[in-house]
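Reckoned from all heavy atoms, side chains included, excluding hydrogens, waters and symmetry mates. Chain identifiers are assigned alphabetically (A, B, ...) following the order of the sequence lines, protein sequences preceding nucleic acid strands; residue numbering begins at 1 within each chain.
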Number of protein chains: 2
Amino acid sequence: MARRTKAEAEATREALLEAAEEVFFEKGVARTSLEQIARHAGMTRGAVYWHFHNKADLFRAMLDRVRMPFEALVAETGASHPSPLETVRLGFQQSLLRMEQPRHRRVLAILIHRCEFFGDIDPCAVQAEMAGECLDALEGYFGEAQRLGLLKEGIATETATRLMQAIISGIFHDWLRDPDAYSIHERGMALINAQLALISRDETDTSR
Amino acid sequence: MARRTKAEAEATREALLEAAEEVFFEKGVARTSLEQIARHAGMTRGAVYWHFHNKADLFRAMLDRVRMPFEALVAETGASHPSPLETVRLGFQQSLLRMEQPRHRRVLAILIHRCEFFGDIDPCAVQAEMAGECLDALEGYFGEAQRLGLLKEGIATETATRLMQAIISGIFHDWLRDPDAYSIHERGMALINAQLALISRDETDTSR
DNA sequence: ACATTTGCATACATACGTGAATGTAAAAAA
DNA sequence: TTTTTTACATTCACGTATGTATGCAAATGT
(Lines give C-alpha, C1' and ligand atoms only; values in the text may rest on other atoms or scores of the structure.)
Protein backbone atom coordinates (compact mmCIF):
# COMPACT_ATOMS: atom_id res chain seq x y z
CA MET A 1 0.00 0.00 0.00
CA ALA A 2 0.93 3.54 -0.53
CA ARG A 3 1.58 6.21 2.00
CA ARG A 4 -1.43 8.13 3.39
CA THR A 5 -1.81 11.84 3.91
CA LYS A 6 -1.68 13.32 7.38
CA ALA A 7 -5.45 13.29 7.75
CA GLU A 8 -5.62 9.70 6.59
CA ALA A 9 -2.94 8.72 9.06
CA GLU A 10 -4.90 10.24 11.90
CA ALA A 11 -7.94 8.38 10.66
CA THR A 12 -6.15 5.03 10.78
CA ARG A 13 -4.96 5.86 14.28
CA GLU A 14 -8.54 6.39 15.35
CA ALA A 15 -9.55 3.23 13.52
CA LEU A 16 -6.92 1.28 15.43
CA LEU A 17 -8.18 2.65 18.74
CA GLU A 18 -11.74 1.84 17.74
CA ALA A 19 -10.70 -1.67 16.77
CA ALA A 20 -8.81 -2.06 20.02
CA GLU A 21 -11.92 -1.13 21.98
CA GLU A 22 -14.01 -3.67 20.13
CA VAL A 23 -11.61 -6.58 20.29
CA PHE A 24 -10.53 -5.86 23.87
CA PHE A 25 -14.18 -5.80 24.86
CA GLU A 26 -14.96 -9.06 23.10
CA LYS A 27 -11.95 -11.13 24.06
CA GLY A 28 -10.29 -9.36 26.96
CA VAL A 29 -7.02 -7.46 26.80
CA ALA A 30 -4.60 -10.27 27.56
CA ARG A 31 -6.13 -12.65 25.03
CA THR A 32 -6.04 -10.25 22.11
CA SER A 33 -2.91 -9.83 20.06
CA LEU A 34 -1.87 -6.71 18.25
CA GLU A 35 -2.27 -8.70 15.05
CA GLN A 36 -5.97 -9.22 15.78
CA ILE A 37 -6.48 -5.54 16.45
CA ALA A 38 -4.68 -4.57 13.29
CA ARG A 39 -6.65 -7.02 11.13
CA HIS A 40 -9.90 -5.83 12.70
CA ALA A 41 -9.03 -2.33 11.56
CA GLY A 42 -8.03 -3.51 8.11
CA MET A 43 -4.33 -2.92 8.79
CA THR A 44 -1.28 -4.90 9.73
CA ARG A 45 0.81 -4.88 12.87
CA GLY A 46 3.13 -2.45 11.15
CA ALA A 47 0.51 0.27 11.53
CA VAL A 48 0.06 -0.49 15.21
CA TYR A 49 3.77 -0.29 15.94
CA TRP A 50 3.99 2.91 13.99
CA HIS A 51 1.27 4.74 15.93
CA PHE A 52 1.91 3.15 19.34
CA HIS A 53 5.02 1.94 21.04
CA ASN A 54 3.46 -1.29 22.30
CA LYS A 55 0.30 -2.80 23.70
CA ALA A 56 0.45 -0.87 26.98
CA ASP A 57 0.82 2.39 25.07
CA LEU A 58 -2.17 1.55 22.90
CA PHE A 59 -4.16 0.67 26.00
CA ARG A 60 -3.29 3.96 27.66
CA ALA A 61 -4.24 5.90 24.55
CA MET A 62 -7.58 4.12 24.52
CA LEU A 63 -8.24 5.14 28.12
CA ASP A 64 -7.24 8.73 27.48
CA ARG A 65 -10.09 9.16 25.02
CA VAL A 66 -12.75 8.75 27.68
CA ARG A 67 -11.35 10.10 30.95
CA MET A 68 -13.55 12.65 32.63
CA PRO A 69 -12.85 14.29 35.98
CA PHE A 70 -15.85 14.84 38.20
CA GLU A 71 -15.33 18.58 38.47
CA ALA A 72 -15.42 18.90 34.71
CA LEU A 73 -18.76 17.13 34.68
CA VAL A 74 -20.10 19.49 37.28
CA ALA A 75 -18.91 22.44 35.23
CA GLU A 76 -20.60 20.88 32.21
CA THR A 77 -23.99 21.18 33.85
CA GLY A 78 -23.80 24.91 33.32
CA ALA A 79 -25.08 27.33 35.95
CA SER A 80 -23.79 27.07 39.49
CA HIS A 81 -26.39 25.95 41.99
CA PRO A 82 -26.98 27.28 45.47
CA SER A 83 -27.16 23.92 47.22
CA PRO A 84 -24.04 21.73 47.23
CA LEU A 85 -26.37 18.73 47.48
CA GLU A 86 -28.05 19.78 44.26
CA THR A 87 -24.61 20.17 42.69
CA VAL A 88 -23.76 16.61 43.63
CA ARG A 89 -27.01 15.42 42.12
CA LEU A 90 -26.38 17.17 38.84
CA GLY A 91 -22.76 16.06 38.71
CA PHE A 92 -23.68 12.43 39.05
CA GLN A 93 -26.48 12.83 36.58
CA GLN A 94 -23.96 14.00 34.00
CA SER A 95 -21.66 11.19 35.00
CA LEU A 96 -24.26 8.47 34.64
CA LEU A 97 -25.47 9.86 31.34
CA ARG A 98 -21.93 9.68 30.03
CA MET A 99 -21.57 6.10 31.08
CA GLU A 100 -24.47 5.09 28.90
CA GLN A 101 -22.72 6.31 25.78
CA PRO A 102 -21.48 3.21 23.92
CA ARG A 103 -17.87 4.29 23.81
CA HIS A 104 -17.62 5.09 27.48
CA ARG A 105 -19.54 1.98 28.39
CA ARG A 106 -17.17 -0.21 26.44
CA VAL A 107 -13.98 1.36 27.73
CA LEU A 108 -15.17 1.27 31.33
CA ALA A 109 -16.18 -2.37 30.95
CA ILE A 110 -12.71 -3.11 29.60
CA LEU A 111 -11.04 -1.25 32.43
CA ILE A 112 -13.04 -2.99 35.14
CA HIS A 113 -13.74 -6.46 33.87
CA ARG A 114 -11.59 -7.21 30.87
CA CYS A 115 -8.05 -6.42 31.83
CA GLU A 116 -5.53 -7.15 34.52
CA PHE A 117 -2.37 -5.19 35.14
CA PHE A 118 0.31 -5.78 32.54
CA GLY A 119 3.50 -4.16 31.45
CA ASP A 120 3.86 -0.88 33.30
CA ILE A 121 0.13 -0.21 33.36
CA ASP A 122 -2.00 -0.85 36.40
CA PRO A 123 -5.72 -0.47 35.77
CA CYS A 124 -6.23 -0.67 39.52
CA ALA A 125 -4.32 2.57 39.92
CA VAL A 126 -6.45 4.19 37.25
CA GLN A 127 -9.58 3.14 39.12
CA ALA A 128 -8.13 4.37 42.38
CA GLU A 129 -7.39 7.72 40.80
CA MET A 130 -10.94 8.10 39.50
CA ALA A 131 -12.42 7.03 42.83
CA GLY A 132 -10.16 9.34 44.83
CA GLU A 133 -11.03 12.25 42.62
CA CYS A 134 -14.72 11.58 43.13
CA LEU A 135 -14.26 11.18 46.87
CA ASP A 136 -12.43 14.48 47.20
CA ALA A 137 -15.15 16.32 45.32
CA LEU A 138 -17.87 14.70 47.41
CA GLU A 139 -16.05 15.60 50.60
CA GLY A 140 -15.97 19.22 49.56
CA TYR A 141 -19.64 19.43 48.69
CA PHE A 142 -20.84 17.53 51.74
CA GLY A 143 -18.58 19.58 53.97
CA GLU A 144 -20.20 22.73 52.70
CA ALA A 145 -23.63 21.16 53.09
CA GLN A 146 -22.77 20.45 56.69
CA ARG A 147 -21.69 24.04 57.28
CA LEU A 148 -24.92 25.28 55.69
CA GLY A 149 -26.92 23.03 57.99
CA LEU A 150 -28.39 21.03 55.12
CA LEU A 151 -27.52 17.64 56.55
CA LYS A 152 -29.65 15.76 59.02
CA GLU A 153 -28.38 16.19 62.55
CA GLY A 154 -26.38 13.36 64.01
CA ILE A 155 -24.70 12.33 60.79
CA ALA A 156 -21.04 13.15 60.31
CA THR A 157 -19.77 14.68 57.10
CA GLU A 158 -17.36 11.85 56.66
CA THR A 159 -20.05 9.23 57.06
CA ALA A 160 -22.35 10.90 54.55
CA THR A 161 -19.47 11.22 52.12
CA ARG A 162 -18.32 7.64 52.41
CA LEU A 163 -21.85 6.29 52.17
CA MET A 164 -22.49 8.18 48.97
CA GLN A 165 -19.12 7.18 47.54
CA ALA A 166 -19.82 3.54 48.30
CA ILE A 167 -23.27 3.75 46.73
CA ILE A 168 -21.88 5.26 43.55
CA SER A 169 -19.11 2.73 43.39
CA GLY A 170 -21.54 -0.11 44.01
CA ILE A 171 -24.02 1.02 41.40
CA PHE A 172 -21.22 1.42 38.94
CA HIS A 173 -19.74 -2.02 39.45
CA ASP A 174 -23.06 -3.81 39.60
CA TRP A 175 -24.23 -2.19 36.40
CA LEU A 176 -21.00 -2.88 34.55
CA ARG A 177 -21.39 -6.59 35.09
CA ASP A 178 -24.34 -6.46 32.72
CA PRO A 179 -24.77 -3.01 31.18
CA ASP A 180 -27.56 -4.13 28.88
CA ALA A 181 -29.78 -5.30 31.74
CA TYR A 182 -30.96 -1.82 32.75
CA SER A 183 -30.27 1.90 32.54
CA ILE A 184 -27.70 3.03 35.07
CA HIS A 185 -28.97 6.55 34.68
CA GLU A 186 -32.51 5.66 35.75
CA ARG A 187 -31.75 3.27 38.54
CA GLY A 188 -28.69 5.17 39.68
CA MET A 189 -30.46 8.50 39.99
CA ALA A 190 -33.31 6.86 41.88
CA LEU A 191 -30.86 5.54 44.46
CA ILE A 192 -28.88 8.75 44.66
CA ASN A 193 -32.04 10.77 45.14
CA ALA A 194 -33.24 8.38 47.80
CA GLN A 195 -29.96 8.59 49.67
CA LEU A 196 -29.83 12.37 49.42
CA ALA A 197 -33.33 12.46 50.86
CA LEU A 198 -32.25 10.23 53.71
CA ILE A 199 -29.37 12.43 54.73
CA SER A 200 -31.03 15.79 54.16
CA ARG A 201 -32.45 17.73 57.05
CA ASP A 202 -35.52 18.75 55.11
CA GLU A 203 -36.61 15.59 53.37
CA THR A 204 -39.28 17.00 51.14
CA ASP A 205 -37.13 18.85 48.62
CA THR A 206 -34.78 16.15 47.35
CA SER A 207 -37.04 13.14 47.72
CA ARG A 208 -38.24 13.67 44.15
CA MET B 1 10.94 -38.75 41.80
CA ALA B 2 9.04 -41.53 43.33
CA ARG B 3 5.33 -41.94 43.64
CA ARG B 4 3.61 -40.33 46.68
CA THR B 5 0.98 -41.85 48.93
CA LYS B 6 -2.63 -40.71 48.70
CA ALA B 7 -2.23 -38.23 51.54
CA GLU B 8 0.93 -36.81 49.97
CA ALA B 9 -0.84 -36.44 46.66
CA GLU B 10 -3.62 -34.47 48.31
CA ALA B 11 -0.95 -32.35 49.97
CA THR B 12 0.69 -31.48 46.66
CA ARG B 13 -2.73 -30.63 45.25
CA GLU B 14 -3.21 -28.16 48.08
CA ALA B 15 0.31 -26.88 47.58
CA LEU B 16 -0.43 -26.26 43.91
CA LEU B 17 -3.59 -24.35 44.79
CA GLU B 18 -1.68 -22.35 47.38
CA ALA B 19 1.03 -21.58 44.85
CA ALA B 20 -1.59 -20.61 42.28
CA GLU B 21 -3.10 -18.13 44.73
CA GLU B 22 0.26 -16.55 45.43
CA VAL B 23 1.49 -16.28 41.86
CA PHE B 24 -1.90 -15.26 40.48
CA PHE B 25 -2.05 -12.53 43.10
CA GLU B 26 1.44 -11.27 42.34
CA LYS B 27 1.44 -11.36 38.56
CA GLY B 28 -2.18 -11.68 37.49
CA VAL B 29 -3.81 -14.75 36.04
CA ALA B 30 -3.10 -14.18 32.37
CA ARG B 31 0.58 -13.43 32.88
CA THR B 32 1.36 -16.50 34.94
CA SER B 33 2.14 -19.78 33.27
CA LEU B 34 1.41 -23.18 34.70
CA GLU B 35 5.17 -23.71 34.77
CA GLN B 36 5.58 -20.79 37.18
CA ILE B 37 2.89 -22.14 39.46
CA ALA B 38 4.42 -25.59 39.46
CA ARG B 39 7.92 -24.32 40.21
CA HIS B 40 6.57 -22.12 43.00
CA ALA B 41 5.12 -25.24 44.60
CA GLY B 42 8.33 -27.18 44.06
CA MET B 43 6.76 -29.34 41.35
CA THR B 44 6.73 -29.52 37.58
CA ARG B 45 3.95 -28.98 35.09
CA GLY B 46 3.36 -32.70 35.13
CA ALA B 47 1.86 -32.40 38.60
CA VAL B 48 -0.40 -29.58 37.53
CA TYR B 49 -1.74 -31.48 34.55
CA TRP B 50 -2.23 -34.53 36.71
CA HIS B 51 -4.38 -32.77 39.29
CA PHE B 52 -6.14 -30.30 37.00
CA HIS B 53 -7.26 -30.50 33.42
CA ASN B 54 -5.97 -27.04 32.50
CA LYS B 55 -5.57 -23.49 33.75
CA ALA B 56 -9.32 -22.77 33.85
CA ASP B 57 -9.90 -25.90 35.89
CA LEU B 58 -7.19 -24.90 38.35
CA PHE B 59 -8.68 -21.44 38.60
CA ARG B 60 -12.13 -22.82 39.32
CA ALA B 61 -10.75 -25.15 41.98
CA MET B 62 -9.03 -22.19 43.61
CA LEU B 63 -12.31 -20.27 43.77
CA ASP B 64 -14.19 -23.24 45.18
CA ARG B 65 -12.04 -23.21 48.28
CA VAL B 66 -13.35 -19.85 49.46
CA ARG B 67 -16.94 -19.59 48.28
CA MET B 68 -19.38 -18.95 51.07
CA PRO B 69 -23.07 -18.14 50.51
CA PHE B 70 -24.58 -15.34 52.56
CA GLU B 71 -27.17 -17.56 54.23
CA ALA B 72 -24.44 -19.84 55.50
CA LEU B 73 -22.73 -16.85 57.06
CA VAL B 74 -25.93 -15.84 58.77
CA ALA B 75 -26.36 -19.36 60.09
CA GLU B 76 -22.79 -19.23 61.32
CA THR B 77 -23.64 -16.37 63.67
CA GLY B 78 -25.52 -18.87 65.80
CA ALA B 79 -28.82 -17.98 67.40
CA SER B 80 -31.62 -16.55 65.30
CA HIS B 81 -32.39 -12.93 66.03
CA PRO B 82 -35.76 -11.31 66.30
CA SER B 83 -35.07 -8.34 64.05
CA PRO B 84 -34.29 -9.01 60.39
CA LEU B 85 -32.26 -5.80 60.41
CA GLU B 86 -30.10 -7.21 63.17
CA THR B 87 -29.74 -10.40 61.17
CA VAL B 88 -28.46 -8.41 58.21
CA ARG B 89 -26.00 -6.65 60.48
CA LEU B 90 -24.62 -9.87 61.86
CA GLY B 91 -24.50 -11.53 58.46
CA PHE B 92 -22.41 -8.76 57.02
CA GLN B 93 -20.21 -8.71 60.08
CA GLN B 94 -19.38 -12.36 59.47
CA SER B 95 -18.87 -11.63 55.82
CA LEU B 96 -16.47 -8.75 56.40
CA LEU B 97 -14.54 -10.69 59.01
CA ARG B 98 -14.06 -13.49 56.51
CA MET B 99 -12.75 -11.09 53.92
CA GLU B 100 -9.93 -10.05 56.20
CA GLN B 101 -8.56 -13.59 56.36
CA PRO B 102 -5.47 -13.71 54.13
CA ARG B 103 -6.70 -16.55 51.96
CA HIS B 104 -10.08 -14.99 51.24
CA ARG B 105 -8.53 -11.60 50.73
CA ARG B 106 -6.13 -12.95 48.16
CA VAL B 107 -8.65 -14.98 46.22
CA LEU B 108 -11.16 -12.13 46.13
CA ALA B 109 -8.47 -9.74 44.97
CA ILE B 110 -7.60 -12.17 42.20
CA LEU B 111 -11.22 -12.58 41.19
CA ILE B 112 -11.89 -8.84 41.05
CA HIS B 113 -8.66 -7.22 39.98
CA ARG B 114 -6.25 -9.81 38.68
CA CYS B 115 -8.10 -11.81 36.09
CA GLU B 116 -10.15 -11.30 33.00
CA PHE B 117 -12.44 -13.90 31.51
CA PHE B 118 -10.57 -16.62 29.68
CA GLY B 119 -11.23 -20.04 28.31
CA ASP B 120 -14.64 -21.17 29.47
CA ILE B 121 -14.44 -19.31 32.76
CA ASP B 122 -16.09 -15.95 33.28
CA PRO B 123 -15.17 -14.29 36.58
CA CYS B 124 -17.90 -11.75 35.88
CA ALA B 125 -20.49 -14.51 36.10
CA VAL B 126 -19.03 -15.63 39.42
CA GLN B 127 -19.29 -12.09 40.74
CA ALA B 128 -22.84 -11.80 39.45
CA GLU B 129 -23.75 -15.01 41.20
CA MET B 130 -22.35 -13.82 44.52
CA ALA B 131 -24.03 -10.43 44.18
CA GLY B 132 -27.36 -11.93 43.19
CA GLU B 133 -27.27 -14.29 46.13
CA CYS B 134 -26.61 -11.39 48.49
CA LEU B 135 -29.34 -9.29 46.89
CA ASP B 136 -31.93 -12.05 47.26
CA ALA B 137 -31.11 -12.50 50.92
CA LEU B 138 -31.27 -8.76 51.54
CA GLU B 139 -34.61 -8.54 49.78
CA GLY B 140 -36.03 -11.18 52.06
CA TYR B 141 -34.81 -9.58 55.26
CA PHE B 142 -35.81 -6.05 54.28
CA GLY B 143 -39.18 -7.30 53.09
CA GLU B 144 -39.83 -8.75 56.49
CA ALA B 145 -38.56 -5.60 58.16
CA GLN B 146 -41.09 -3.67 56.10
CA ARG B 147 -43.91 -5.98 57.17
CA LEU B 148 -42.86 -5.60 60.79
CA GLY B 149 -42.91 -1.85 60.44
CA LEU B 150 -39.22 -1.50 61.21
CA LEU B 151 -38.41 0.66 58.21
CA LYS B 152 -38.79 4.40 58.12
CA GLU B 153 -42.03 5.41 56.45
CA GLY B 154 -41.80 6.60 52.88
CA ILE B 155 -38.99 4.31 51.87
CA ALA B 156 -39.76 1.38 49.63
CA THR B 157 -38.42 -2.07 50.40
CA GLU B 158 -36.78 -2.23 47.00
CA THR B 159 -35.04 1.09 47.51
CA ALA B 160 -33.69 0.13 50.91
CA THR B 161 -32.50 -3.19 49.52
CA ARG B 162 -30.75 -1.73 46.50
CA LEU B 163 -29.12 1.02 48.55
CA MET B 164 -27.69 -1.48 50.99
CA GLN B 165 -26.57 -3.77 48.19
CA ALA B 166 -24.83 -0.89 46.45
CA ILE B 167 -23.13 0.18 49.67
CA ILE B 168 -21.82 -3.32 50.32
CA SER B 169 -20.64 -3.68 46.76
CA GLY B 170 -18.98 -0.29 46.86
CA ILE B 171 -17.21 -0.89 50.16
CA PHE B 172 -16.03 -4.22 48.86
CA HIS B 173 -14.59 -2.91 45.61
CA ASP B 174 -13.04 0.18 47.14
CA TRP B 175 -11.34 -1.85 49.84
CA LEU B 176 -10.07 -4.48 47.44
CA ARG B 177 -8.17 -1.87 45.48
CA ASP B 178 -5.88 -1.51 48.50
CA PRO B 179 -6.72 -4.07 51.20
CA ASP B 180 -3.75 -3.06 53.36
CA ALA B 181 -4.88 0.55 53.65
CA TYR B 182 -7.57 -0.06 56.26
CA SER B 183 -9.76 -2.67 57.89
CA ILE B 184 -12.87 -3.40 55.86
CA HIS B 185 -14.49 -4.80 58.96
CA GLU B 186 -14.15 -1.57 60.89
CA ARG B 187 -15.00 0.90 58.19
CA GLY B 188 -17.58 -1.34 56.60
CA MET B 189 -19.53 -1.95 59.78
CA ALA B 190 -19.49 1.76 60.54
CA LEU B 191 -21.12 2.50 57.20
CA ILE B 192 -23.57 -0.38 57.43
CA ASN B 193 -24.62 0.69 60.91
CA ALA B 194 -25.02 4.27 59.76
CA GLN B 195 -27.17 3.25 56.82
CA LEU B 196 -29.29 0.91 58.94
CA ALA B 197 -29.85 3.79 61.33
CA LEU B 198 -30.89 6.02 58.43
CA ILE B 199 -33.53 3.63 57.17
CA SER B 200 -34.83 2.47 60.55
CA ARG B 201 -38.00 3.89 61.97
CA ASP B 202 -36.58 4.05 65.47
CA GLU B 203 -33.12 5.46 64.99
CA THR B 204 -31.79 5.00 68.47
CA ASP B 205 -31.31 1.24 68.53
CA THR B 206 -29.13 0.60 65.50
CA SER B 207 -27.20 3.82 65.43
CA ARG B 208 -24.76 2.31 67.91
C1' DA C 1 4.78 -61.91 45.25
C1' DC C 2 3.21 -60.11 41.37
C1' DA C 3 0.51 -57.17 38.43
C1' DT C 4 -1.44 -52.96 38.17
C1' DT C 5 -2.21 -48.37 38.92
C1' DT C 6 -0.90 -43.96 40.66
C1' DG C 7 1.67 -39.65 40.96
C1' DC C 8 4.34 -37.41 39.11
C1' DA C 9 8.91 -35.86 35.82
C1' DT C 10 10.69 -35.38 31.29
C1' DA C 11 10.63 -34.71 26.50
C1' DC C 12 8.47 -33.22 22.34
C1' DA C 13 5.57 -31.09 18.87
C1' DT C 14 3.10 -27.16 17.95
C1' DA C 15 1.50 -22.67 17.92
C1' DC C 16 1.57 -18.03 18.83
C1' DG C 17 3.05 -13.31 20.07
C1' DT C 18 6.49 -9.92 20.22
C1' DG C 19 9.79 -6.59 18.61
C1' DA C 20 12.93 -5.22 15.44
C1' DA C 21 14.76 -4.99 10.83
C1' DT C 22 13.89 -4.09 6.32
C1' DG C 23 11.30 -2.70 2.18
C1' DT C 24 8.64 0.78 -0.34
C1' DA C 25 5.79 4.04 -2.59
C1' DA C 26 3.70 8.14 -2.09
C1' DA C 27 3.48 12.66 0.37
C1' DA C 28 5.84 16.53 1.85
C1' DA C 29 9.86 19.47 1.95
C1' DA C 30 13.68 21.60 -0.46
C1' DT D 1 12.25 18.28 -9.63
C1' DT D 2 14.86 16.08 -6.52
C1' DT D 3 15.39 14.70 -1.94
C1' DT D 4 13.76 13.32 2.24
C1' DT D 5 10.35 11.72 5.28
C1' DT D 6 6.30 9.39 6.32
C1' DA D 7 3.12 5.67 6.92
C1' DC D 8 2.76 1.79 6.75
C1' DA D 9 3.58 -3.77 4.93
C1' DT D 10 6.46 -7.74 5.09
C1' DT D 11 9.68 -10.75 6.96
C1' DC D 12 12.52 -12.75 10.43
C1' DA D 13 14.47 -14.21 14.86
C1' DC D 14 13.39 -15.27 19.24
C1' DG D 15 11.15 -16.63 23.33
C1' DT D 16 7.48 -18.83 25.58
C1' DA D 17 3.09 -21.31 26.74
C1' DT D 18 0.35 -25.24 25.85
C1' DG D 19 -1.06 -30.08 25.55
C1' DT D 20 0.25 -34.58 25.01
C1' DA D 21 3.05 -38.59 25.01
C1' DT D 22 6.11 -41.26 27.32
C1' DG D 23 8.95 -42.96 31.21
C1' DC D 24 9.33 -44.65 35.78
C1' DA D 25 9.45 -45.95 40.58
C1' DA D 26 6.81 -46.60 44.39
C1' DA D 27 2.21 -47.41 46.36
C1' DT D 28 -1.65 -50.22 46.12
C1' DG D 29 -4.65 -54.13 44.96
C1' DT D 30 -5.01 -59.30 44.68
**Prompt:** Taking N and O atoms by type only, does the side chain of A:R45 place a donor or acceptor under 3.5 Å from a partner on the base of C:dG17?
**Reply:** no

**Asked** If you count the non-hydrogen atoms of other residues, nucleotides and ligands that lie under 6.0 Å from CD in A:E186, is the total more than 12?
**Response** no

**Request:** Compute whether any side-chain donor of one residue and acceptor of the other, for A:E100 and A:S183, lie under 3.5 angstrom apart.
**Result:** yes

Heavy atoms from C-beta onward define the side chain here; which of [options] lies closest to that of [X]?
{"X": "A:K6", "options": "C:dC8, D:dA9, D:dA7", "value": "D:dA7"}
{"X": "A:Q36", "options": "C:dG17, D:dT28, D:dT20", "value": "C:dG17"}
{"X": "B:R4", "options": "C:dG19, D:dC8, C:dA9", "value": "C:dA9"}
{"X": "A:T44", "options": "D:dT10, C:dT18, C:dC8", "value": "D:dT10"}

**Request:** Would you kindly compare B:E8 and B:H53 by the position of their nearest DNA chain D nucleotide and give the one closer to the 5′ end?
**Result:** B:H53

**Asked** Where is the tightest heavy-atom contact between A:F25 and B:F117, given as atom of each residue plus distance?
**Response** O-CZ, 4.2 Å

**A:K27 to A:T32 - nearest heavy-atom pair and separation** = CB-CG2, 3.5 Å

**Complete:** note: B:W50, atom CH2; D:dA21, atom P; distance rounded to Å ~ 14 Å

**Request:** Classify the nucleic acid contact of A:S33 as base, sugar-phosphate or nothing, counting any heavy atom under 4.0 Å across all strands shown.
**Result:** sugar-phosphate

